[in-house]
Amino acid sequence: MTQAPLLSVRPVPMTETNGLVAEGVHPLLARILSARGVKSNQELSTDWNGLLAPKLLSHIDEAAAVLADAIEQRKRLLIVADYDCDGATACAVGIRGLRAMGAIVDFLVPNRFETGYGLSPEVVTLAANHATGKPDLLITVDNGIASVDGVAAAKALGIDVVVTDHHLPGDQLPDALAIVNPNQDGCGFPSKNLAGVGVIFYVLLAVRAELRSRGHFKDGQQPRLDGLVDLVALGTVADVVKLDHNNRLLVTRGLQRIQQGQAQAGLRALFAVSGRDTHQASAFDLGFTLGPRINAAGRLTDMRLGIECLITDDDQHALGLARELDRINQERRHIETTMREQALAVVQDIEDMATDAQSAAICVHHPDWHQGVVGLVASRLKEKYYRPVIAFAPGGDGHWRGSGRSIPDVHLRDVLDLVSKRHPGLILKFGGHAMAAGLTLNGDGMSDFASALSRAVIELTGRQHFDPLIETDGSLESGYANVQVANLLQQQVWGAGFPAPLFLDEFDVQDQRLVAEKHLKMSLTRDRQRFEAIWFNHVTLMPARIRAVYRPTSNTWRSVVTLQLVIETALPA
């Protein structure tokens with residue numbers, strides 16, 4: 001059953017708040033930022049000088065030297081990408097950056113349904129027989145840290161490997177020429193939150209510096225790499241990594257390029273087919289408009305389509321590819337809707353029969369599900385039931401392919417690691433993050449896995465139930481409840497680990513009605529101030545007085561701009 005969320009107010013460190021105000025930050029923004037750990041105006045700077053230095057990444061100098069040698073020796077390079085938006089943007093950044101430095105480079109992206117994730121021995125075989133010829137060097141982007149067998153297979157064929165990744169390492173590292181990953185043991189890089197696209201961007205910075213030191217660039221005309229930051233921003237937001245200061249800098253700079261009309265042709269085309277305005281580009285657009293269209297290619301067909309869209313400079317070609325990505329995304333949405341309805345029915349049956357010891361996590365499967373969409377189904381169920389969820393589809397080889405999503409209380413990869421240790425052979429392979437993971441199960445292991453999953457969650461957390469929590473920024477002072485402040489908040493970059501502000505206040509409901517039969521439109525009053533509000537996808541009428549969690553937004557209707565409160569949740573006051 002779904003649970004009403006607990007509501008909390010973030011503590012506000014007043015010393016830091018007052019310090020930000022003294023540095024010229026708007027008082028409301030200062031309160032919000034300090035509650036998210038910002039201590040000084042310097043942490044809000046988006047100047048390139050504030051970017052963490054590449055040399056702080058372990059082994060980046062070795063990787064830069066290997067790639068610089070390969071460029072100068074005219075070796076064939078092949079990028080092996082992942083099939084999500086982070087992997088696609090990382091591949092596009094690598095292709096564009098390396099070619100700008102004179103490299104002979106192409107790419108290969110594994111097919112989700114044929115070879116699975118990462119640099120497997122099967123992918124190495126494909127690489128060795130690539131249309132451009134057998135490569136001298138493979139470069140992984142957004143994968144590779146777990147590819148022990150794949151790197152060994154490449155070495156056996158005389159192909160060197162450089163790994164660039166951000167996923168958590170396993171017990172054994174691949175025997176690559178160099179591994180650049182902020183999350184490997186011993187790496188002192190202050191930000192552990194780089195996306196895969198961020199890692200390869202840093203590697204390019206190091207390669208350019210290495211080539212510059214060798215006098216590679218004639219007349220000092222080195223390539224500009226800041227032109228790739230729109231792609232870095234897209235992959236960073238789409239991969240839902242924490243927006244620490246370093247990532248916020250990258251995302252902000254990328255959005256600025258998009259807003260100024262300097263985006264890559266593919267990004268401009270994706271904005272166009274989505275009906276979004278590049279001049280008003282936001283992190284929301286990257287995460288919920290562009291990201292899903294790129295991801296759709298990897299989920300249903302072949303991510304090569306998404307990568308081609310991001311590396312072409314031909315506007316018409318980009319537009320054609322973007323339209324095809326948009327069509328695939330519509331198909332993905334239709335498949336997801338059907339699967340979600342089936343999953344909700346399955347979960348209800350599970351809930352009716354589950355004991356407390358079986359209810360700490362949800363495991364669902366269906367013989368007709370599409371393995372490219374199960375992660376989205378898991379995400380929807382996680383939001384509804386506030387528990388770790390893993391959804392499985394048939395892998396076509398007698399195995400189940402699963403994708404999981406978790407909640408902040410449960411580190412999903414650690415849970416799978418514990419299940420694997422407690423039940424050897426049950427999980428054939430797995431990998432991922434705290435909040436998302438993928439795995440492959442034996443065809444007859446589903447029942448045992450479902451029980452083991454819940455037991456592992458309980459063992460690691462000591463809890464059988466989890467309460468959804470909505471953190472708010474408390475009351476929005478009446479003097480700040482206006483369009484100007486709403487615009488000020490919308491201009492900031494918010495995202496994972498740096499959430500957009502939500503406010504908590506009590507209102508009197510003066511009027512309410514349904515719009516389009518699925519959204520609740522309300523007129524609210526507080527302290528004699530009247531507000532128009534909307535609660536999307538909510539159809540239950542509210543009592544005369546409510547306690548509401550909301551965000552202020554500016555709403556334009558017939559050229560008139562007014563304040564609108566978007567309700568996230570509301571309870572009787």
Side-chain angles (χ1 to χ4, degrees), residues 59 63 66-67 70-71 75-99 103-167 169-170 173-181 184 194-204 207 231 235 239 294-295 297-298 302-308 310-311 429 431-432 438:
H59 310 303
V66 168
L67 291 172
I71 291 170
K75 289 184 176 180
R76 283 197 186 97
L77 311 183
L78 189 67
I79 293 176
V80 179
D82 187 17
Y83 41 67
D84 66 359
C85 187
D86 185 19
T89 52
C91 183
V93 165
I95 289 286
R96 286 181 171 277
L98 288 170
R99 285 179 179 170
I104 301 169
V105 59
D106 211 312
F107 71 92
L108 170 67
V109 58
N111 186 294
R112 181 191 295 263
F113 316 110
E114 296 173 3
T115 55
Y117 169 81
L119 182 67
S120 63
E122 294 82 4
V123 170
V124 170
T125 300
L126 292 175
N129 295 285
H130 196 266
T132 58
K134 180 183 174 183
D136 300 298
L137 176 67
L138 299 179
I139 306 160
T140 71
V141 293
D142 193 32
N143 74 95
I145 195 66
S147 300
V148 175
D149 293 340
V151 172
K155 290 185 69 175
L157 293 174
I159 303 172
D160 291 324
V161 182
V162 168
V163 169
T164 76
D165 200 355
H166 70 125
H167 293 91
L173 294 179
D175 186 20
L177 289 182
I179 299 175
V180 184
N181 182 338
Q184 64 181 311
L194 278 180
V197 68
V199 177
I200 188 63
F201 180 69
Y202 264 92
V203 170
L204 292 177
V207 172
L231 296 170
D239 213 46
I294 295 289
N295 274 324
D302 185 345
M303 184 49 90
R304 187 174 186 91
L305 187 69
I307 295 171
E308 291 285 0
L310 300 178
I311 63 175
K429 58 182 177 180

Applying side chain to side chain donor-acceptor pair (under 3.5 Å), can you list everything that pairs with T115, at least two apart in sequence or on another chain?
none

Is the shortest heavy-atom distance from the side chain of L98 to the side chain of I79 under 4.5 Å?
yes

Residues in salt bridge (Lys or Arg N to Asp or Glu O under 4.0 Å) with R304, at least two apart?
E308

Could you tell me which residues satisfy side chain to side chain donor-acceptor pair (under 3.5 Å) with D165, sequence neighbours excluded, listed by chain and number?
H167

Give the table of side-chain donor-acceptor pairs shorter than 3.5 Å for residues 144-154, with sequence neighbours excluded, one pair per line with atom names and distance.
residue, atom, partner, partner atom, Å
S147, OG, L119, N, 3.3
S147, OG, L119, O, 3.4

Who pairs with K155 by salt bridge (Lys or Arg N to Asp or Glu O under 4.0 Å), at least two apart in sequence or on another chain?
D175

Less than 4.5 Å apart, any side-chain heavy atom of L137 and any of K75?
no

Taking H166 for the side chain and L194 for the main chain, is one N or O donor matched with an acceptor at less than 3.5 Å?
yes

Nearest-0.5 Å distance that lies between atom CG in D160 and atom CG in L138
8.5 Å

For I307 and F107, work out which heavy atoms get closest and say how close.
CG2-CZ, 3.6 Å

Of all heavy-atom pairs between A195 and D239, which one has the smallest distance, and what is that distance?
CB-CB, 4.5 Å

Which heavy-atom pair separates I179 from P174 by the least distance, and what is that distance?
CD1-O, 3.5 Å

Hey, does P121 have a side-chain heavy atom less than 4.5 Å from the side chain of T125?
no

Those residues that, when tested against Y202, pass ring-ring contact (aromatic ring centres under 6.0 Å, His included) (two or more places apart)
F189

Would you name the heavy atoms of G298 and M303 that are closest together and state the gap between them?
N-CE, 3.8 Å

Those residues that, when tested against A92, pass side-chain contact (heavy atoms from CB on, under 4.5 Å) (two or more places apart):
L231, L310, I311

From CA spacing to verdict: side chain to side chain contact (heavy atoms under 4.5 Å, CB included), I294, T89
CA-CA 9 Å; I294 295 289; T89 52; 5.8 Å; no

Does the side chain of L77 come within less than 4.5 Å of I139's, by heavy atoms?
yes

Just verifying a value: how many Å separate L78 CG and I104 CD1, rounded to the nearest 0.5 Å?
12.5 Å

Please list all pairs meeting salt bridge (charged side-chain N to carboxylate O under 4.0 Å, His left out) that have one or both residues in residues 123-147, counting only residues at least two apart or in different chains.
none

Only one of L177, V105, V207 forms a side chain to side chain contact (heavy atoms under 4.5 Å, CB included) with L67, so which one is it?
V207

Pairs involving residues 77-97, ordered by first then second residue, that meet salt bridge (charged side-chain N to carboxylate O under 4.0 Å, His left out) (sequence neighbours left out):
R96-D313

The side-chain contact (heavy atoms from CB on, under 4.5 Å) partners of T132 (sequence neighbours excluded) come to D106, H130

Shortest non-hydrogen separation from A90 to I200 and the atoms involved:
O-CG2, 3.6 Å

Among V161, V123, L126, find the one that has a side chain to side chain contact (heavy atoms under 4.5 Å, CB included) with V80.
V123

Looking at every heavy atom in both N295 and C85, which two are closest together, and how far apart are they?
OD1-N, 2.7 Å

Holding to side-chain contact (heavy atoms from CB on, under 4.5 Å), I want the full list of residues that pass it with E114, two or more places apart in sequence or in another chain.
N111

